[in-house]
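Note sheet for the following structure.
In each ligand, atom 1 is the first atom listed, and ligand 1 is the first ligand listed. A quick note: this is a predicted structure, and the numbers were derived from the prediction, not measured. The chain is numbered in sequence order, starting from 1.
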Amino acid sequence: MNLPEKATIVDVGPRDGFQNEPGFIPTDQKIKIIDELSETGVKRIEATSFVHPKYIPQLADAEEVLARIKKREGIIYEALVPNAKGVERAIQAGVEHVSLVVSASESHNKSNVNMTVAESIKTLKEAVKLALSHGINVTAGIATAFGCAFEGWVPPKQVEAVADEFLDMGICELSLGDTPGLANPTQVSEMVRYYLQKLKGTDIGLRLHFHDSRGAGLANVMAAMLAGATIFDTSICGLGGCPFSPGATGNIASGDTVNMLEAMGVDTGIDLAKLIECERMVQDMLGKKLPGEVIKSGPTPWALKPRR
Ligand code: COA
Ligand code: ZN
């Protein structure tokens, strides 16, 4: 199989995961989790979001979290922002990399950020300019790129029209998000091939954001890798979900994804044993069974020492 030698994992658990927990995870616990995660070898962590605390009270402590985590050399601590106000807060917090989010479908965008897609594009263009003028790297993230909980099938042309608004603005990454967990491997393969071809010759990377709501998460990763993708969002313990997308469950679990990749010889740079230890700590802290499988079963023995 034509697999990449390396893949980049972006652990979005502290953002996508914590935002979806019913209760507020105490700030000290969030910091402890991010600090432990920082010891696993992961190179990118989406640490929080700068959204309105009225809508996502779980992340109302964004500033404090970013100020108090031990920022480890070589790790990028990223944040999600929905508008220019979010970027202003990110600048104040000294964030180096932000992900902007807009949906390709009107209903999810309205439900998520209370704007039409056109309004989001307008405000996010301001946000991109502001971020770039402060030397912040920008990922343009398209939620519902593979389908929408309200509208069902989202025509690829509609996704591309949104992507095209941002591609020549100086962003470093395009992220295709499957917020409701509707994607399947065939669809992923086609989309990844199309976008890698489209981005060829630019400096823009392609990132994939899968939720496991219908159990196809790791199959989607596999399909994406075979099509040439190398950057994946995962979430510690498989936490995650979108409060504004009915039925969306957790992201693909970090432990499960790293286990599968390492067992196949795809280097993630992550120490799987440490990652599982960290996931078990998170499970204990939250005091309930979490979705990841490897937390329960333990790793594939040869994932700990890649064979290739
Ligand atoms: N952070 C904090 N406050 C913000 C903000 C941000 N990023 N953006 C706007 N606000 C404040 C404004 O300053 C204004 O404050 P005021 O009432 O004191 O003047 C108030 O919010 C209303 O502004 P408005 O632009 O009308 O916002 P809204 O109420 O329509 O909400 C969003 C729009 C985008 C801020 C809100 O829907 C949101 O934060 N959504 C996040 C959704 C999310 O995180 N989803 C999951 C991840 S994909
Ligand atoms: Zn998500």
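In Asn2, the CG atom is not crowded: 12 or fewer heavy atoms of neighbouring residues, nucleotides or ligands sit closer than 6.0 Å. Surrounding NZ of Lys296 are more than 12 heavy atoms belonging to other residues, nucleotides or ligands, all under 6.0 Å away. Within 6.0 Å of NZ on Lys288 lie more than 12 heavy atoms contributed by other residues, nucleotides or ligands. Annotation: Asp164, atom CG; neighbour count of heavy atoms from other residues, nucleotides and ligands within 6.0 Å is above 12.
Atom 48 (S) of ligand 1 lies below 4.0 Å from at least one non-hydrogen atom of the protein. In this structure, atom 16 (P) of ligand 1 has no protein heavy-atom contact shorter than 4.0 Å. For atom 8 (N) of ligand 1, the protein comes within 4.0 Å by at least one heavy atom. Of the protein's heavy atoms, at least one falls inside 4.0 Å of atom 21 (O) of ligand 1. When distances from atom 44 (O) of ligand 1 to the protein are checked, a heavy atom turns up under 4.0 Å. Under the 4.0 Å distance rule, the nearest protein heavy atom to atom 31 (O) of ligand 1 falls inside the cut-off. The presence of a protein heavy atom under 4.0 Å from atom 28 (P) of ligand 1 is confirmed.
Because the distance cut-off is set at 2.8 Å, His209 qualifies as a neighbour of the Zn ion (ligand 2) through one of its N, O or S atoms. The nearest N, O or S atom of Asp233 is not closer to the Zn ion (ligand 2) than 2.8 Å.
The shortest distance between side-chain heavy atoms of Thr202 and Leu167 does not fall below 4.5 Å. Using a 4.5 Å cut-off on side-chain heavy atoms (C-beta onward), Val95 and Phe50 make contact. For the pair Leu37/Val42, a side-chain contact is recorded, criterion being any heavy-atom separation below 4.5 Å from C-beta on. Looking only at side-chain heavy atoms (C-beta outward), Leu239 and Leu286 come within less than 4.5 Å of each other. Between Ser105 and Thr144, the closest side-chain pair of non-hydrogen atoms falls below 4.5 Å. At least one side-chain heavy atom of Met191 sits under 4.5 Å from a side-chain heavy atom of Val159. Using a 4.5 Å cut-off on side-chain heavy atoms (C-beta onward), Arg44 and Thr8 make contact. The side-chain heavy atoms of Thr48 and Leu66, taken from C-beta on, include a pair separated by under 4.5 Å.
Only side-chain heavy atoms of Phe244 come within less than 4.0 Å of ligand 1; its backbone N, CA, C and O stay farther off. Neither the backbone nor the side chain of His209 comes within contact range of ligand 1; no heavy atom lies under 4.0 Å.
In terms of protein heavy-atom proximity, atom 42 (C) of ligand 1 is nearest to Asn112 O, 3.1 Å. For atom 11 (C) of ligand 1, the closest non-hydrogen atom on the protein side is His52 CD2, 3.4 Å. In this structure, the protein non-hydrogen atom closest to atom 33 (C) of ligand 1 is Val113 O, 3.5 Å. In this structure, atom 5 (C) of ligand 1 lies nearest to the protein heavy atom Lys85 CG, 3.2 Å. The protein heavy-atom contact nearest to atom 36 (C) of ligand 1 is Tyr55 CD1, 3.4 Å.
In terms of N/O distances under 3.5 Å, ligand 1 is not approached by Gln19. Here's the thing with Arg89: one of its N/O atoms is less than 3.5 angstrom from an N/O atom of ligand 1. Close N/O approach between Ser49 and ligand 1 is not found [any backbone or side-chain N/O within under 3.5 Å]. Not a single N or O atom of Leu80, backbone or side chain, sits closer than 3.5 Å to an N or O atom of ligand 1.
Taking the centre and axis of the six-membered ring of Phe150, the NZ or CZ atom of Lys110 falls outside the cone set by 45° and 6.0 Å.
Ligand 1 lies within reach of Arg15, whose nearest heavy atom is under 4.0 Å from it.
Residue Gly86 has at least one heavy-atom neighbour below 4.0 Å for each of these atoms of ligand 1: 7 (N). Residue Asn114 has at least one heavy-atom neighbour below 4.0 Å for each of these atoms of ligand 1: 28 (P), 30 (O).
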Item to check | Step-by-step side chain to side chain donor-acceptor pair (under 3.5 Å) determination, Thr234 to Thr257 | outcome: CA-CA 7 Å; Thr234 67; Thr257 311; 5.3 Å; no

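When Asn83, Ile56, Val102 are ranked by how near their heavy atoms come to atom 35 (C) of ligand 1, first place goes to Asn83.
Atom OD2 is the N/O/S atom of Asp16 found closest to the Zn ion (ligand 2).
When atom types are taken as modelled, the side chain of Gln187 and the backbone of Asn184 share a donor-acceptor pair closer than 3.5 angstrom.
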